[in-house]
Amino acid sequence: MEKGQQSKRHLVNTSNFIDIWSVQCGECFKWRVIPTQEEFEEIRSTFAEDPFVCSKKPGISCDDPADIEYDDSRIWVIDKPNLPKTPAGFRRKLVMRKDFSKMDCYYDSPNGKRLRSLAEVARFLDKSPEYEEDILVSDFSFTLPKIMEDTIPPDVAKKVI
DNA sequence: GCCACCGGTGGC
DNA sequence: GCCACCGGTGGC
């Protein structure tokens, strides 16, 4: 969803993690901040069939000013729609590399094991009958968001080693 | 050319 | 010895 409409995005600040989760209204195109990653993932999981609109946020309508503006005061990264919701007990993490060249995605399992790929997830579930019954590999995705180059400050982007 | 994946390692 | 982080690559 690079076209700037109806896409969901989250943000990073100059640290290496995402600190604001945000979605764009499919009607007025304003950005609405979503308080938690969990809520963001819920919206994202059905975004294609069920686009976000301002009125889904309690007490908010398209008449209200945007929560946040898409500009270079923050670095923005854009998720693909319909990524699976992270299974209960797991945590999905995205880490920005220092040079902003790419992000890394991993899941932390309930017992603290870090999973770095679908292959590792599959092996983990095979060894964990307690999860295998109701958690599938397809509940995980390592698809990375697109880093919006136009929101990276020039002094940072052009940093030479 | 991109990206999912994984090996290596430096710093703790 | 671990693990956060980075580089490289194979497959598409």
Side-chain angles (χ1 to χ4, degrees), chain A residues 1-24 26 29 31 33-52 68 70-161:
Chain A
M1 302 293 293
E2 292 94 338
K3 293 300 190 300
Q5 59 180 14
Q6 295 187 343
S7 46
K8 324 131 276 22
R9 309 181 179 199
H10 37 231
L11 299 158
V12 291
N13 61 10
T14 51
S15 72
N16 62 348
F17 60 93
I18 291 165
D19 65 342
I20 300 177
W21 304 86
S22 168
V23 268
Q24 190 174 33
F29 308 116
W31 292 98
V33 170
I34 306 302
T36 66
Q37 180 174 355
E38 288 69 23
E39 290 169 82
F40 177 84
E41 287 192 357
E42 173 75 34
I43 294 165
R44 184 180 62 191
S45 67
T46 59
F47 192 80
E49 318 86 80
D50 184 20
F52 178 82
I68 195 167
Y70 177 85
D71 59 28
D72 62 3
S73 63
R74 289 183 171 77
I75 295 166
W76 289 66
V77 299
I78 310 180
D79 260 331
K80 291 219 166 68
N82 289 38
L83 302 183
K85 268 175 64 180
T86 300
F90 290 79
R91 295 212 49 174
R92 187 177 194 264
K93 307 225 169 142
L94 289 166
V95 180
M96 180 68 83
R97 299 213 177 174
K98 289 185 169 54
D99 64 356
F100 299 96
S101 61
K102 58 179 173 179
M103 302 190 84
D104 292 292
C105 177
Y106 58 85
Y107 287 83
D108 283 332
S109 78
N111 65 15
K113 167 110 172 126
R114 178 156 297 185
L115 307 170
R116 301 193 297 158
S117 69
L118 290 175
E120 289 189 8
V121 168
R123 266 183 262 126
F124 177 82
L125 293 178
D126 281 345
K127 285 189 291 191
S128 313
E130 67 271 31
Y131 304 131
E132 197 175 17
E133 292 176 10
D134 48 11
I135 298 182
L136 306 172
V137 175
S138 59
D139 293 324
F140 298 80
S141 170
F142 291 86
T143 299
L144 294 167
K146 177 180 172 59
I147 299 167
M148 302 309 287
E149 304 286 344
D150 60 339
T151 66
I152 299 177
D155 53 324
V156 172
K158 297 295 178 218
K159 190 175 139 195
V160 182
I161 313 113

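What's counted below: heavy atoms across the whole structure, side chains too, no hydrogens, waters or symmetry copies.
Regarding A:D99, its CG atom lies at a distance of 14 Å from the C1' atom of C:dG8, rounded to whole Å. Atom CZ of A:R116 and atom P of B:dC5 are 11 Å apart (whole Å). Rounded to whole Å, the distance from CD on A:E120 to P on B:dC6 is 6 Å. Taking atom CG of A:L115 as the reference point, atom C1' of C:dA4 lies 15 Å away to the nearest angstrom. Regarding A:N16, its CG atom lies at a distance of 14 Å from the C1' atom of C:dC3, rounded to whole Å. Atom P of nucleotide B:dC6 and atom OH of A:Y107 are separated by 15 Å, given to the nearest angstrom. Going from atom CG of A:L118 over to atom P of C:dG10 covers 20 Å, rounded to whole Å. The nearest whole Å value for the distance from the CE atom in A:M103 to the C1' atom in C:dG7 is 18 Å.
Between A:S101 and A:Y106, the residue anchored closer to the 5' end of DNA chain C is A:Y106, taking for each the nucleotide with the nearest heavy atom.
Proximity note for A:T143 (side chain, C-beta onward) versus C:dA4, B:dA4, C:dC6: the nearest is B:dA4. Of the candidate nucleotides B:dC5, B:dG7, B:dA4, B:dA4 has the atom nearest to the side chain of A:L144. Taking the side chain of A:V95 as heavy atoms from C-beta on, and the options C:dA4, C:dC5, B:dC5, the nearest nucleotide is C:dC5. Closest approach to the A:R123 side chain among C:dG7, B:dC6, B:dC5 is made by B:dC6 (side chain taken as heavy atoms from C-beta onward).
No hydrogens or angles were tested; on distance alone, a donor-acceptor pair under 3.5 Å links the side chain of A:K102 to the base of C:dG8.
Judged by distance alone, with hydrogens and angles left aside, the side-chain atoms of A:S141 form no donor-acceptor pair with the main-chain N or O of A:L83 at under 3.5 Å. With hydrogens and angles disregarded, a donor-acceptor distance shorter than 3.5 Å links the side chain of A:S109 to the backbone of A:K113.
A:R114 comes within contact range of the sugar-phosphate backbone alone, with a heavy-atom separation under 4.0 Å but no base atom that close.
With respect to A:E41 and A:R44, a salt bridge is recorded, a charged nitrogen being found less than 4.0 Å from a carboxylate O.
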Check: Can you list the steps and then say if A:E49 with A:T46 is a side-chain hydrogen bond (donor to acceptor under 3.5 Å, both in side chains)?
Finding: CA-CA 6 Å; A:E49 318 86 80; A:T46 59; 5.2 Å; no
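Checked against the 6.0 Å centroid threshold, A:F90 and A:Y131 count as a close aromatic pair.
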